[in-house]
S.K.: 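One structure follows; several queries about it will come next.
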Amino acid sequence: MYVAVKGGEQAIDAAHRWMAEERRGDPALPEITPAQISEQLGRAVDRVMAEGALYDRALAARAIRQAQGDLIEAAFLLRAYRATLPRLVDSEPVDTGAMRAKRRISAVFKDLPGGQRLGPTMDYTHRLLDPDATGPAAPEPAPPEPPPGEPAPAEPPPPAALPRVMAMLGADALIEPDGDPAPAAADLTTAPLGFPAPRPLRLQALARGDEGFLLALGYSTQRGYGNNHPFVGELRVGEVAVSLVPPELGFAIEIGEITLTECEMVNQFAGSRNVPAQFTRGYGLCFGHADRKAIAMALVDRAMRAGELGEDVTAPAQQVEFVLSHCDNIEATGFVEHLKLPHHVDFQSELETIRALRAAAGDDDATL
Amino acid sequence: MQLYNFAYLDEHTKRMIRRAILKAVAIPGHQIPFASREMPLPYGWGTGGIQVTAAILGPDDVLKVIDQGADDTTNAVSIRRFFARTSSIRTTTRTPEASVIQTRHRIPETALRAGQIIVYQVPIPEPLYRLTPSRADAARMHALADYGAMHVRLYEDIARHGRVALAYDYPVMVNGRYLMSPSPIPAYDNPKLHMNPALQLFGAGREKRLYALPPYTEVRPLDFEDHPFDPHRADAACALCGAADTYLDELIADDTGRRRFICSDTDSCDSRREETGA
């Protein structure tokens, strides 16, 4: 019972047993496995890894099951776990230019070196519910092989490192140069966020920020609240190698691969007193295959550069402190939901205050 | 079994949209709210245009769908397939053969004729959103034809940069009364809106607005006597058909950043090549 805040052990135990029972659901049905979640609910796993700020598919899948599919709760489980991990060494910066991209599109050029690659995307599906209640259709078969005798079409060459669209624009100096490649940025996970926050720190916060929050803020810029005239210069999804330099070796070794989504936004900019008309940049990078998150992040990153570029700072998405202080859903969900905790001591004092105020007002009336 | 009605939408929804279209045609350039439905394509992919098209298609129509001027772009292919699948009408890539043309971001180079309908996909129907993000404020400005601030906005561009810095979605005055977004077509296409013999319909699904230009409507881009409307196109000829008077796409030819230009309107480019044997 809620009232028994003190000595509520039995109540808590019972609540947890009940929750475990609800989470398991009908015991006649087989229990879902983390491997199934990882394989068949990959996008959920991607999101939990991004917002949980820990790249571990197996743990993220376990967290999703444990959290009954509540993805913010699952991200919270990962965050709480990652906080216990010793931080031994920083990896080398990942080279997204060398990404083995399964998806790479540009909205600003019809064709470009390396080509447009849709990759595995829902973009051009028609959202018609599958009439078969047993589940989505099996993958459609690929086009038939040519009959024997006819030469097989040439296999597409293995994906090579794709040139960056932004570099092609930069060759004409139509776009501002990229940021300083090696600023000594603070690490958001080991130092508290302070303001003013430099761009690398902002990007760290956005990378693990809530997808829904970034989506809404990015969308607001498109509807006039801080418009920044965006075009997706390039969106790429694929595997990048992670390397680190062990102190005892002194050279880089590759320790594995992670899947990343990167969005480089090109934003029209009419120029200001100090800066000529040119394209400016917004940047988004996150774990897993997450077009929506990466694009929204790039919109918000560019919006937060309004002050630096001499634009008026008027809209929510342009206010760095507002965005960064509220984009973390672990912090947000904790504080919003904490309102359900007992607050009766505070409330009691409020009761007394209201009574006192009314009594005072009554006295005043009486004296009139 | 027929799971969905002809052209996907149910007849009640079509009637609601047709009524809104009639109202839109009666008040050229004025945005009419309509009860936009969730469509099986995402908002931003052309749900407004798709709903308008679905509401006006009949079994004898011939549909052409273009995106960025091209019939072969992914989203155009997807929308054309959608209608082929849900209505089994005839589709075409030939501008003169089409009775209904749904478009995103271009007006075909081939002049449209009386009897044709062109349906534009519109992301932001409100041309005043650059001045005020509040749609309530914008509605009041439209009601009072209070467009001075938009002229000031253009004037500021000229004062700062020597020219208007709007390259697409360049606002127009319709029939001397309403300021209208032509949708994000390049400013180069704006003159084609003026006195066009075809019926032009504009659908914005997410924003739940539609508007129209009846045939032969006066449509003028906002400008000044001493700074007349002056749209730009790439100063080049199409590498495929040689046209020097069409809107061009810029392609990056190789890693060194060499450029080449081709027509954005694939049908007009193909036709010209057939004629000239190029």
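Side chains are part of it too, since the values below use all heavy atoms of this structure and drop only hydrogens, waters and symmetry mates. By convention in this document, chain letters (A, B, ...) are assigned in the order of the sequence lines, proteins followed by strands, and residues within each chain are numbered from 1.
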S.K.: Is it the side chain or the backbone of A/S220 that comes within 4.5 Å of chain B heavy atoms, both, or neither?
M.R.: neither
S.K.: Please classify the contact between B/D249 and chain A as side chain, backbone, both or neither, with a heavy-atom cut-off of under 4.5 Å.
M.R.: side chain
S.K.: With a 4.5 angstrom heavy-atom cut-off, is it the side chain or the backbone of B/R81 that approaches chain A, or both, or neither?
M.R.: both
S.K.: With a 4.5 angstrom heavy-atom cut-off, which part of A/Y219 approaches chain B: side chain, backbone, both or neither?
M.R.: side chain
S.K.: Which one of A/L112, A/D111, A/L128 has the most heavy-atom pairs closer than 4.5 Å to chain B?
M.R.: A/L128
S.K.: Would you say that A/H126 contacts B/L41 through its side chain, given a criterion of any heavy-atom pair below 4.5 Å between the two side chains?
M.R.: yes
S.K.: When you compare the side chain of A/M166 with that of A/I175, does any pair of heavy atoms fall below 4.5 Å?
M.R.: yes
S.K.: Side chain, backbone, both or neither: which part of B/R206 has an atom under 4.5 Å from a heavy atom of chain A?
M.R.: side chain
S.K.: Please determine whether a side-chain nitrogen of the Lys or Arg among A/K293 and A/E211 lies less than 4.0 Å from a carboxylate oxygen of the Asp or Glu.
M.R.: no
S.K.: So which part of B/Y168 gets closer than 4.5 Å to some heavy atom of chain A, the side chain, the backbone, both or neither?
M.R.: side chain
S.K.: Side chains of A/L206 and A/M304: closer than 4.5 Å at any heavy-atom pair?
M.R.: yes
S.K.: So B/P182 and B/D169, do their side chains get closer than 4.5 Å, heavy atoms only?
M.R.: yes
S.K.: Check whether any side-chain heavy atom of B/V52 sits under 4.5 Å from a side-chain heavy atom of B/Y120, and report yes or no.
M.R.: no
S.K.: Taking side chain as everything from C-beta outward and backbone as N, CA, C, O, which of these in B/I124 sits under 4.5 Å from a heavy atom of chain A? Side chain, backbone, both or neither.
M.R.: side chain
S.K.: Identify which part of B/E207 has an atom lying under 4.5 Å from any heavy atom of chain A, answering side chain, backbone, both or neither.
M.R.: side chain
S.K.: Which one, B/L251, B/D157, B/I79, leads in non-hydrogen pairs under 4.5 Å with chain A?
M.R.: B/L251
S.K.: Do B/M150 and B/L222 have side-chain heavy atoms sitting under 4.5 Å apart?
M.R.: yes
S.K.: So which part of B/D67 gets closer than 4.5 Å to some heavy atom of chain A, the side chain, the backbone, both or neither?
M.R.: neither
S.K.: Looking at chain B, which one of A/K110, A/M168, A/R223 has the largest number of heavy-atom pairs inside 4.5 Å, strictly under?
M.R.: A/R223
S.K.: Test salt bridge (Lys or Arg N to Asp or Glu O under 4.0 Å) on A/R164 and A/D178 and set out the steps.
M.R.: CA-CA 12 Å; A/R164 286 181 179 283; A/D178 206 354; over 6 Å; no
S.K.: Hey, does B/N5 have a side-chain heavy atom less than 4.5 Å from the side chain of B/K14?
M.R.: yes
S.K.: Taking side chain as everything from C-beta outward and backbone as N, CA, C, O, which of these in A/Q268 sits under 4.5 Å from a heavy atom of chain B? Side chain, backbone, both or neither.
M.R.: side chain
